[in-house]
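What you see below is based on every heavy atom in this structure, not just the backbone, and it leaves out hydrogens, waters and symmetry mates. Below, chains carry the letters A, B, ... as their sequence lines are ordered, and counting in each starts from 1.
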Amino acid sequence: MNIENEKISGRQLGRMVFYDFFGLTTLVLPGYLAKGAGMDGFFCLVIGFGAGYLFLLFVLSQMRRMEQGYQVYLAKRFGNILTGFLLFCYLLTALFGAAYGLRMLGNVICKYLIRDTSMWLILGVLTILAVYGLSAGLECRGRLYEVVFWFLALPLIILFFLSMFSVEPAGWLPVFRTGGGQLAEGSYVVFAFLMSTAFLPMLVGDIAEGADRTRVLKQSFALGMCLNLALFLLLAGIFRVPVMAVIEEPALTLTAMVKMPGGFFERQDALLCGIWFVSIFAFVENALYYSVYCARKICRKREQGWFLFGAGLLVYVLSLAMHYSRALLDTLVRCYLLTAVPLLVIVALLAGILPAHASGAWWRGEEKSIAGTAKREEGTV
Amino acid sequence: MNEYRVTDSIVHNKKVFQEIFSDCADIKMVDMRVGADKQLRCMAAYIEIVSGAVNYGASEIGRLIGFLSDKHPDEIQELLKVNGKGLTDVTLYDDLKQAAQGLLTGDMILFVDGLDRVLKIPDRGYPRMSVQQAQSEKVIRGSNEGFSDSIKANTALVRKRLRALELKNVETQAGRRTATLVNLMYMEGIARKEVLDEILRRLGRFEIDGVLDSGIIEQLSEEHWASPFPQFQTTERPDRAVHALLEGRVVLLCDNSPLALILPTDYNSFLQTSDDYYNRFEIASLERIIRYMAAFFALSLPGLYLAVINFHTSLLPTSLLLTFAQARAGVPFSSLVELLLMELSFELLREAGVRLPGTMGNTIGIVGGLIIGSAAVEAGIASPVVVIVVAFTALCSFAIPNEEFATAFRLLKFFLIFASAWLGFFGYLAGMFAILIHLSGLRSFGVPYLMPFAASDVEGDAQIRDSIFRFPLFLLFRRPVYAKRSNRVRFRWLKEENEKR
C-alpha cells in the first residue's frame, strides 16, 4: 500500500531527533552550567553546541557512505571482530543513555507530579510504555513525534513569551569570570549531552528515499541549540545565576512561576511538565532503539522481540539502581564522560579517515538470513 | 446427469423445484395456460408478497402474459428465448438451483412447457423502506436524502449525484447463506487500484454464513481488529459518499444496510461533515476547531478532572478550589466512584434513549439527564461539579460527527479515568501517550490514521488545508492522499480567470 514502507520521512526524522537535543539538555544543563561556570555557562553552551554541530556535519558527511548499513561501514574499516566490540560499546552507551534518561524522567515525575509514589512503579510504567512504543515500529514513532511536536512547541512558545517580561538583563552580567578549565569542562559536558549524534548512522536505512536528512538534522540541531541558549538567558535573567546553581531543574521551576492570563490556573508546572515528559521520553525511546539495533546487529538477527524485552528490563533495572545508588550514578556518568564520549568520537573520526579495506560481507550475512526466513514462511503458508 | 438441469418437461421441472422449496409456505407456484386456445402450460414461481401481480398489466409478467395470449406455442418458445417482448432484466437459466437462487433475489421464475430454459422476470421485489432522511448525519445546509436498505436504490442515489462515465460499480456477494449483495463503487482513474484489490482480497479471505449489515463486513475486513477506532468510515449520506468517491476513495455498499463504508479513511475524515464544504470557509473552520476540541474533551475531561482534584490541586486558583471543596462536601464516595457513577448513569441514559422509540428516546435523554443529575446532587451522591464535567463530556462526544468514532472516545475515556485516578497527571500523560502510540501505528488500507498531521510532507502537505482549518475551496485544488498520484488536481481556474488572477 502507499505509505507502508517502514521508513520515516525527513520531517519525522528531524522532529524525532530534535527531542535528543532539547529534553535532557534544557533540564540538566542550565543548573549544572550555572553551578560550574556561572554566566559563562552561556558560552559553554555556545562552544559545546558548536562542537556538536561540527561533529554532526562530520557524521552526516559519512552517512552518504553507509548505504549498506552502519555495521557494514564499520566492518569495512575495522574488521569483523573489532566491529563486534564497537557495537557492544555502542550498546552499553545506549543502554546507559536510556537508563539515565529514564531515571531523570522518573525524578521529574516524582518531584513535580506524584510525590508519594514509589520510583519502581513510575519507572516500570515508563519502561512498559517505551517498549510498547518501540514494538510499534520506527515508522509509528516517527509519526507520533511528528504529531506531538506542536503540542510541545505551542506551550513552550507561550512559556518563553510570558516569562520574557520578567527578565532583567542585569542578571546576564558579569561574564568572562570563569577560568579556561571550567569553561572547557562545561563545554565538554554540553558536547557529551549531544552524543546521540554518534548514533544517527543507525537510522540510515530507515529514512525514506528523497528525504533531505542533512537539512532536517541541521535544522533540528539548530533549533535545539537556540532553545537551550534562549532558556539559559531567560533563567539567568529571572533567577540570577547563583539561584540557578542551587535549583536542580530551573526550567521546571520557571514553569511554576509563569502566570497565565485568564486566571484559570494558579500555576501550571504540572501541565508544562508534559513538555519535558515527551522530550525525555522520546530520548529514552531513541536510546532504547539504538541499543536494540546494536544487539540485533551483534547477534545478526532481524526480529527485535526478545532484544526489546531484554533491553527494556536492563534499562529498568539500571535506572532503578541509579536512582537508589548515587555512587553508581556518579561512577557511570564518569565512565560515560571519560570513556564513552571519547570512544564514540574517535570511532566516528577514524571510520571517516580510514579507507575501506575489508568486504564487510560477514555483517551483510544478516540480509541473507532475512531472505531465507521469508522463503521459509512462504513455503509453510 | 445433473438432476437440476432444466428439461423441456414442465412436470419434471416443477417436481424438482417443489423439492427444492419443500416446506416453504411462502413460495408460491401457480400453474397457468397461455397462448392461443390456452394450450401451453406454464408455471410462475414467486415469493408471496414480493411478487404476485400476474394478472395485472402493471407488472412485467402481466404484460408478458398479455403479449403471449394470442401466440402459437412454438412461437411463444422462440419469443421467450430471444426476449421478443423486450422485457428489462430478464435472465434465462438452464439450472434449477440457479433459478431458485434467482427467485430468492425477489424476482419471479416462469416455467414454460417445452422450453429447456426458465426465465427470471423482475417484479416488485422485497418489501423495503423508501429513501429516508439521514438520521445521524444531519446538516444545516445540503441534501437531507439518506441511504435506504436497498442496495439498488443506494447505488442509484450515488449515480444520481455522480453522472460520470468513470464511476464504476463492482458487484460481489458475501455470506454463504444470505448471499448478500455487496457493491464496490470507485472512480476509475482517480481511485488507487491497490485499494480496490485489497478490499476484494479481504472480502475473499473469509467465509461466513450470513452478512446482515455492512458492520459485519467492516469487522471482518479490518486490519487492526482489536483497535477501538474504526478503520472504515461510515455514512448514510449519498453526498458524503460521492465526495469520498471524488477524493479517490472506494465506497462499499451492502444490501439491507443504510450505511455505506468508505475506505481508506483517517482521523481527520471522521471530524469532517458534508456541510463543511457547503458553508463558507470561516464558519466551516470554526466548526472544525470546535469538533477537534470536543474530541479532545470527550476523551480527556473526566481524567483531567480527577488528576487535578486528587493530585494537583495547586494548579487551581484558591477560590475555585474552595468552590470545588464546598461542592464535594457531604459526598460519601471518592471522586473516582462519584465520577464513575455519573458517567455510567449517562451511558445508561444514552443507551435507553437509543432503544426507546423516537420522541420518547429524546425525552428520556434530556429529562433523565436533568432529573438524575439534579437528584444525585440533592441526594448528596454527586457534586454539581461532577455533573457539569460529565454533562460537558457527553455534549462533546455528541459533537463528534461520526458515531463509531465517538464510541472509541467514550470507551477510551474510561481508560484515562482509571489511569488518572491511579497516577494523576502522570497517569493521564502515560495513558494519552499509549493512545497516541496506538493511533500512530494504525492504518486504513495503507493510509496512516494520523494523516495529514503525520507523514503528509511526503505528499506535499496539501491535505493539511482540509484538516483543523478548512481553507477556501479554490485552495483545496488537490485531492487528498487517497487519490492516484497522477490524478490529484480537482480544481483549477479557467484560463481567462487564471490570467486575471
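At a threshold of 4.5 Å between non-hydrogen side-chain atoms, the residues F311(B) and T117(A) do not count as touching. Using a 4.5 Å heavy-atom cutoff, the side chains of F277(A) and F426(B) are in contact. For the pair L439(B)/V147(A), no side-chain contact is recorded, criterion being any heavy-atom separation below 4.5 Å from C-beta on.
Side chain of R143(A) to backbone of S440(B): a donor-acceptor contact under 3.5 angstrom is found.
The two residues H438(B) and Y132(A) have their closest heavy-atom pair at CB-OH, 3.4 Å.
Around CZ of F469(B), the count of heavy atoms belonging to other residues, nucleotides or ligands within 6.0 Å does not exceed 12. Taking a 6.0 Å sphere around CZ of F151(A), one finds it holds 12 or fewer heavy atoms contributed by other residues, nucleotides or ligands. Crowding of R115(A) atom CZ: a count of heavy atoms from other residues, nucleotides or ligands under 6.0 Å not exceeding 12.
Contact annotation for I109(A): only side-chain heavy atoms (C-beta onward) come within less than 4.5 Å of a heavy atom of chain B. For I128(A), no part lies under 4.5 angstrom from a heavy atom of chain B.
Under the 30°/60° scheme for interplanar angles, the aromatic rings of F433(B) and Y145(A) are found to be tilted.
Chain B forms the most heavy-atom pairs under 4.5 Å with one residue out of C140(A), A136(A), G137(A), and that residue is C140(A). Looking only at heavy-atom pairs under 4.5 Å with chain A, the residue among P264(B), G427(B), A430(B), G424(B) that has the most is A430(B). Contact count versus chain B (heavy atoms, under 4.5 Å) is highest, among I114(A), L121(A), V125(A), for I114(A).
Taking non-hydrogen atoms and a 4.5 Å limit, the residue list of residues 316-323 of chain B in contact with chain A, ordered by number, reads L316(B), P317(B), T318(B), L320(B).
Put simply, CG on L126(A) and CG on L429(B) are 10.0 Å apart, with the number rounded to the nearest 0.5 Å. Distance check: L423(B) CG to I122(A) CD1 gives 7.5 Å after rounding to the nearest 0.5 Å.
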